[in-house]
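Okay, so here's the structure we're looking at.
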Amino acid sequence: MAKKSAHSIEEQIEDWCKNQLGAGNYYTKTQTINAEITEALRKAPSKKGGEGRNFPDIQCLIESPELERIPVMIEVKGSKGDFIKADENGNIINVNAKGEPNYTNIAKYAVNGAIHYARAILDYAPSYDAVIAIGVNGYNKVDGSRTYEVGVYWLSKHNLFLPKKIGEYTDLSFLLQEHRASLFNAISKLQLSESEIESEKLKLEDLIERNLKEINQQLQDEHDIVVGSRVKLIAGLVMAGLGVKDLVSPLKVSDLRGELGEHTNDGAIIMSRISEYLEHKNLPREKRAIIVNELSSVFNNASLFKPVNGESKLHTIYGEVASKIIPFLTGELHNLDFTGRMFNVLNAWVDVPDGAENDVVLTPRYVTELMAKLCEVNMNSYVWDFATGSGGFLISAMHEMIADAKAKIKSPAELDNKIARIKMEQLLGIEKLSEIYMLAVLNMILMKDGSANIIKGNSLTEFEGNYEQGTHRGEEFPANVFLLNPPYSAEGKGFIFVHKALSMMHHGGMAAVLIQENAGSGNGLPYTKQLLENNTLLASIHMSDIFCGKASVQTAIYVFKVGTPHSLQSVVKFIDFSNDGYTRQNRKKSSQSVNLRDTDNAKERYAEVVTLVKYGRGVNDVNLNYFKDSYIEDYISLDGNDWTYHQHIKIDTRPTIEDFELVVKDYLAWRVSQVLKAHGEDSLGKN
């Protein structure tokens with residue numbers, strides 16, 4: 001516990017709080033609300049960092065109008081200046097610039113300490129989705145009067161853990177039963193802005209990434225687990241740890257007891273939970289069988305479930321996953337592309353087998369979102385991806401589709417049905433690599449059961465364009481949007497995938513392909529030429545180094561209108577997007593916030609690219625702001641070999657008045673220098 005200053009009146013302030021709450025309505029720092037909260041406070045790092053129990057000064061447990069139990073953590077201080085540490089916008093500063101906990105602030109300030117305790121419960125007590133954090137400080141003024149400061153914040157998983165100030169309070173009477181309706185009415189109005197949501201997503205994705213890197217390092221150094229097994233191991237542990245509400249309880253670390261029975265060893269217990277989880281997620285029987293078969297090879301490995309000194313490797317690893325990963329996968333946090341980050345982290349340490357041949361590089365979320373917008377994805381889109389990776393394109397498309405549905409459908413019941421159809425019927429992905437297929441399935445399951453049409457197989461040789469699972473099995477998938485980042489080692493630099501997919505899109509639509517740029521300058525033949533026979537090239541976007549440190553190829557996004565042959569009079573929009581506003585680094589130990597920084601209006605630049613592809617330059621170039629000197633509208637041949645931006649740069653050799661003025665200026669400067677030089681030589685001669 002923090003050492004009080006000589007003039008601190010903390011104990012008196014604590015008594016003031018307790019008197020307001022009334023006997024029997026609170027728990028002291030040495031008392032226990034329940035075992036789960038106590039265990040969460042024990043597991044979390046102490047407010048000074050490192051191991052050691054957390055001791056909130058006062059704890060409460062109140063009920064919401066929906067009878068949800070809400071823990072209340074109260075931290076008390078008793079010195080002037082010890083109330084809160086926040087930035088100019090009121091954001092609590094509990095982490096430093098690197099995203100690491102700022103234990104100095106957490107230990108010193110009342111509000112910061114209370115929020116630390118609240119996060120401990122959200123992170124380590126799975127039964128609770130929300131916590132109220134209250135910081136109270138008091139001090140005596142020179143005139144003998146006493147000042148009280150009260151800060152009240154709401155933290156929930158649904159609000160991405162971001163502390164939101166509930167209101168202004170001067171005491172704790174708002175916690176009393178007769179005032180709780182007003183309290184929860186104020187809480188119900190707390191909504192994150194779009195900018196707050198995006199900012200918190202980035203922070204949380206960074207934290208997930210840091211936690212994954214720590215776990216991955218342990219899997220490599222301490223447990224000697226090969227990379228392919230690591231992916232399946234983490235995916236399986238996540239499934240076992242999530243559970244299904246009211247049907248399958250989440251796996252507890254204590255459930256893994258290190259036994260050696262055929263059905264009671266730690267691997268068998270985990271596989272049993274995985275099987276139950278998959279069964280209650282209503283996945284097609286075929287998919288469940290594939291997943292169980294893939295994961296069994298890992299969890300039936302005796303070296304992982306046999307105990308050493310009473311503890312198996314699975315027990316140790318799951319303890320890390322349960323505390324550092326599972327808390328991020330509940331509530332609204334499932335909207336994060338968690339498994340895309342996971343695969344890139346795991347893949348960073350060891351090369352994927354045949355990585356050069358398989359081109360295993362996952363597309364960043366901000367690029368998948370751009371491509372979904374370029375294809376004008378809406379709630380009635382049917383989207384497919386023939387090399388789906390971890391499902392990033394489908395997830396971005398899903399977000400666009402659901403957002404469109406929410407904007408257009410006002411009936412809650414109709415909206416729920418539409419969202420269910422989007423997830424279960426309007427997305428289809430195919431992936432042939434086992435470990436990546438597992439990631440795609442897990443990612444889409446975390447998106448609330450959107451995995452029904454994630455197919456394991458070779459899209460070029462084993463897919464005929466139909467639903468292969470579920471109630472629509474055997475029926476045509478009516479695709480009208482195609483999103484793809486293909487293996488560049490495939491024929492036509494990957495354009496063989498594009499040609500097959502677009503030839504199967506009988507309902508027209510749009511396609512956006514992120515591909516090696518020189519595929520459009522002849523290396524994609526004969527497929528690029530054949531594509532123009534039935535599809536129109538709308539845009540060619542020269543990309544920045546989006547795969548910094550992961551792939552050395554120059555990429556472009558080619559956008560197509562599907563089902564309409566390209567005409568020689570069709571105008572193509574060429575955009576040099578090499579400056580996309582982001583500054584990139586490739587520091588292996590750093591998070592995305594360090595390796596990817598918005599330094600030049602990145603969001604605005606991405607939005608302008610979408611506008612240019614959709615509407616062109618506009619009257620008087622109204623749509624051109626960031627790309628005035630890097631946007632071209634031009635024509636292409638039907639040969640499929642002149643699609644790149646640099647092939648359409650026109651160099652104007654006609655002199656301008658500015659050129660003439662520059663030449664005259666240079667000439668005059670030269671003449672003056674010659675005159676001065678001659679004058680100087682004459683002067684020297686006279687000496």
Side-chain angles (χ1 to χ4, degrees), residues 337 363-408 418-431 440 443-444 447 450-455 459 463-468 472 475-486 494-495 497-515 531 534-541 556-566 573 606 609-611 613-615:
D337 180 11
T363 313
R365 177 167 64 92
Y366 59 93
V367 176
T368 62
E369 290 175 350
L370 167 67
M371 292 171 65
K373 288 180 169 68
L374 290 173
C375 287
E376 302 179 35
V377 168
N378 59 58
M379 69 177 189
N380 295 319
S381 297
Y382 282 77
V383 184
W384 62 4
D385 178 351
F386 275 32
T388 202
S390 71
F393 281 114
L394 299 181
I395 290 168
S396 291
M398 181 194 296
H399 289 163
E400 291 292 316
M401 296 160 78
I402 292 174
D404 185 53
K406 288 180 177 178
K408 294 176 179 176
K418 181 59 178 176
I419 291 175
R421 288 199 303 275
I422 287 171
K423 293 178 177 180
M424 300 301 291
E425 299 177 8
Q426 294 178 225
L427 301 160
L428 186 147
I430 310 157
E431 177 56 54
N443 222 4
M444 298 302 287
M447 297 296 112
S451 68
N453 299 300
I454 303 298
I455 299 168
S459 58
F463 180 64
E464 297 180 355
N466 300 326
Y467 291 97
E468 293 192 2
H472 294 287
E475 298 177 18
E476 177 194 14
F477 182 81
N480 55 19
V481 172
F482 179 60
L483 300 170
L484 181 72
N485 174 17
F495 260 116
F497 288 89
V498 184
H499 182 264
K500 177 170 182 178
L502 270 57
S503 68
M504 300 167 74
M505 292 174 66
H506 304 135
H507 303 270
M510 299 280 287
V513 181
L514 177 68
I515 201 164
L531 280 169
N534 294 294
N535 309 282
T536 300
L537 179 66
L538 298 179
S540 168
I541 305 169
I557 294 175
Y558 295 117
V559 184
F560 301 89
K561 181 179 180 181
V562 180
T564 301
H566 192 97
K573 294 132 182 178
Y606 275 76
V609 166
V610 174
T611 299
V613 172
K614 189 173 182 179
Y615 301 110

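For clarity, every value in this text was computed on a predicted model and none was experimentally measured. Only this structure's heavy atoms are used, side chains among them; waters, hydrogens and symmetry mates stay out. Quick note: residue numbers are just sequence positions, from 1.
Looking at every heavy atom in both residues, S396 comes nearest to R365 through OG-O, 4.1 Å. When all heavy atoms are compared, the tightest approach of N485 to F393 is N-CE1, 3.6 Å. Listed here is the closest heavy atom pair of C375 and V481: CB-CG1, 3.9 Å. Nearest approach of P486 to G494, heavy atoms of both residues: CB-O, 3.7 Å. Between L484 and F497 the shortest heavy-atom distance is CD2-CB, 3.7 Å.
Taking the side chain as every heavy atom from C-beta outward, H499 and N535 never approach each other to under 4.5 Å. Side chains of L427 and V383 form a contact here, defined as non-hydrogen atoms less than 4.5 Å apart. Contact annotation: the side chain of I422 approaches that of I402 to within less than 4.5 Å [non-hydrogen atoms, C-beta and beyond]. Taking the side chain as every heavy atom from C-beta outward, E468 and F463 approach each other to under 4.5 Å. The shortest side-chain heavy-atom distance between P478 and W384 does not fall under the 4.5 Å cut-off. Inter-residue side-chain proximity for I454 and L394 is flagged as met; some heavy-atom pair is nearer than 4.5 Å. Considering only heavy atoms from C-beta on, I541 comes within 4.5 Å of V613 through its side chain. V513 has its side chain out of reach of I557: every pair of non-hydrogen atoms, C-beta onward, lies at least 4.5 Å apart.
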For this session: Show your working on side chain to side chain contact (heavy atoms under 4.5 Å, CB included) between E476 and H507 and close with a plain yes or no.
Result: CA-CA 11 Å; E476 177 194 14; H507 303 270; 3.7 Å; yes

Problem set entry | Check against side chain to side chain contact (heavy atoms under 4.5 Å, CB included), H472 and N453 | CA-CA 10 Å; H472 294 287; N453 299 300; over 6 Å; no

For this session: Mind running side chain to side chain contact (heavy atoms under 4.5 Å, CB included) on M401 and K423 for me, showing each step along the way?
Result: CA-CA 10 Å; M401 296 160 78; K423 293 178 177 180; over 6 Å; no

Exercise. Going through the checks in order, is the side chain to side chain contact (heavy atoms under 4.5 Å, CB included) test met by Y467 and E425?
Worked result: CA-CA 9 Å; Y467 291 97; E425 299 177 8; 4.1 Å; yes

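In terms of modelled atom types and a separation under 3.5 Å, the side chain of N480 and the main chain of Y382 share a donor-acceptor contact. Here the side chain of T564 pairs no donor or acceptor atom with the backbone of T536 at under 3.5 angstrom. Checking side-chain atoms of K418 against main-chain N and O of A405 turns up no donor-acceptor pair under 3.5 Å.
The six-membered or imidazole ring of F386 lies near that of F482, with a centre-to-centre distance under 6.0 Å.
The CD atom of E431 sits 8.5 Å away from the CG atom of D385 when rounded to the nearest 0.5 Å. The distance from atom CD1 of I515 to atom OH of Y558, rounded to the nearest 0.5 Å, is 8.0 Å. One finds the CG atom of L428 at 8.5 Å from the OG1 atom of T388 (value rounded to the nearest 0.5 Å). Taking NZ from K373 and NZ from K614, the interatomic distance works out to 11.5 Å, rounded to the nearest 0.5 Å. Here the CZ-NE2 distance, from F477 to H506, works out to 13.5 Å after rounding to the nearest 0.5 Å. Considering CD of E400 and CE of M371, their distance stands at 13.0 Å, rounded to 0.5 Å.
Counting non-hydrogen atoms of neighbouring residues, nucleotides and ligands closer than 6.0 angstrom, the NZ atom of K500 exceeds 12 such neighbours. Heavy-atom contacts from other residues, nucleotides or ligands closer than 6.0 Å to NZ of K406 number 12 or fewer.
Every residue two or more places apart in sequence or in another chain was checked for a side chain to side chain contact (heavy atoms under 4.5 Å, CB included) with N534, and none qualifies.
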